[in-house]
Amino acid sequence: MPEPTASRLGEFIAGTAFADLPGSVAEQAKRHLLDTLGAALAGARTPETAGITAALTTPTAAGAAIWGTGLRATARDAALANGVAAHALELDDTGGCDHSGAVVVPAALAALSLTDRAVSGAELLVAIVLGYDLARRALEGCGGYQEHNQAGWHSTGTCGPFGSAAAAARILALDPQQCSAAVGFAASMSGGLWAFVHNGALSKRLHAGRAAEAGVAAAALAGSGIPGPVHALDDVWGGFLSTFAPETAEHAAFTDGLGEQWRIQRCAIKPHASCRGTHSAVDAVAQLMRDHGLHADGIREVRVRLSPFLADMCGGRDTRTLGTAQLSLPYAVAAQITFGVADLAAYGPEQRHDERVRAIMDSVVLEVDSSMSASEEPVIDLVTEGGNYRCRVTDPLGSPTNPIGDEALITKFRSLVPEPTAESLVDTVMRLDELPDARLLLDHLA
């Protein structure tokens, strides 16, 4: 049998140095780290996160911090809790496994509590970049986002463990063979279904936490010398791709361009507090209203031509819970028209029941076009008494081809994190590669 794919990935995880990262990649890792911490610190304050944390974790006197709470737990429990918090408000990044930040960052920082050695800020950035790389490669190996998710799998839960395992293994300085074992263990910890979409169940948030926890567990097992299933990524019976993506598997995706094409560069930072599938429509509405001087009271109808995939994922109109509202394209469009933004405040309980929003939602007509591919962005028509205005945004704000700038990123972060914590975290993250010990970052999170 040829060399296992996991063996090559193990060498990549153990052998990549900070000097191997292009400067732009290291800088992007800082941006995604800051964005994830902001989302998590805000998410930690929600009752839902507190409930999951209380149900599934046990506080300890020492260990890893559960961010923003003053509590500590085992590394695995902290990774779980912080992963849930990071994904709790749909503010975390996308385009990776899908939500790589909520998986990779909690695992990497939790793993710091499992080692006595000083892990520099530069090493932490390497671990994060490696985590993003493997998480996305796992999804590409499944054939891509649409293909994998259309099959019913939530890719954050199924592909995320590879990213968290890579990040945690690197923090623990595992050797190539151990890193290979960690990747194999991650494959066996994969899971997560889209069943939450039907009632806004919190299992969606749990998938990020469990994926982060899985990576810490995988790295700990490998570091203990326990052999893992190193053929789990190969074209074998019982392999990850053979099982999760038998019709769409792309085995070469795990290693093509390894160390040359960095998958973190394919990730997006969210400007809106909703599912990424709604962002193009929100941006199109904002552009039409701005360019043509339109106002909410002048809009008679909103027509959305969209793919069957997007309609199934984001076509719901249930706004009774935050989770269902954030998956609703009609609500996102109505919120943008009514409030001029689709930020977290626009998804509050009062806003979700605003009569003006409900009236606009009632005017939203979804026209499902079976000729559109799953990856195509929707076409928006705003119909007024004076005419019909059309727009399609192919590169939503925050995407790799239309990124938000540092100023907008920091503004978003400051809206989520109170001072003086916000200022100290911005300063620490942005000079992370200069820090001799990444634990200095943890001082601002506990």
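Here the structure is a predicted model, which means the values were calculated and not measured.
- For D133 and R263, the salt-bridge test fails: no basic side-chain N is under 4.0 Å from an acidic carboxylate O.
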Apply salt bridge (Lys or Arg N to Asp or Glu O under 4.0 Å) to residues E301 and R303 and explain how you reach the verdict. CA-CA 6 Å; E301 188 176 59; R303 297 175 188 159; 2.7 Å; yes

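- Proximity of V282 to V285: side-chain heavy atoms (C-beta onward) are nowhere separated by under 4.5 Å.
- Looking at C142 and E147, their side chains never come closer than 4.5 Å, going by heavy atoms from C-beta outward.
- Side chain of R170 to main chain of I13: a donor-acceptor pair is present (N/O by atom type, distance under 3.5 Å, no hydrogens or angles).
- Taking the side chain as every heavy atom from C-beta outward, R392 and I380 never approach each other to under 4.5 Å.
- Classified by interplanar angle (parallel below 30°, tilted 30° to 60°, perpendicular above 60°), the ring pair F254/F240 is perpendicular.
- In plain terms, the two heavy atoms of F18 and A122 that are nearest each other are CD1-O, 3.6 Å.
- No side-chain donor-acceptor contact under 3.5 Å links D312 to the backbone of G315.
- The shortest heavy-atom contact between R300 and S363 is O-CB, 3.6 Å.
- Pairs passing the side-chain hydrogen bond (donor to acceptor under 3.5 Å, both in side chains) check and including a residue from residues 92-115, sequence neighbours excluded, read H32-D93, H87-D92, D92-H99, D93-Y132, T94-D98.
- D395 and T401 form a side-chain donor-acceptor contact under 3.5 Å, judged by distance and modelled atom types alone.
- No side-chain heavy atom of Y347 sits under 4.5 Å from any side-chain heavy atom of L89.
- In this structure, the separation between CG on D256 and CD on E250 is 9.5 Å, given to the nearest 0.5 Å.
- No donor-acceptor distance shorter than 3.5 angstrom exists from the side chain of N82 to the backbone of P106, with no hydrogens or angles considered.
- Between R205 and T49 the shortest side-chain heavy-atom distance does not fall below 4.5 Å.
- The two atoms that bring A219 and A168 nearest to each other are CB-CB, 3.7 Å, heavy atoms only.
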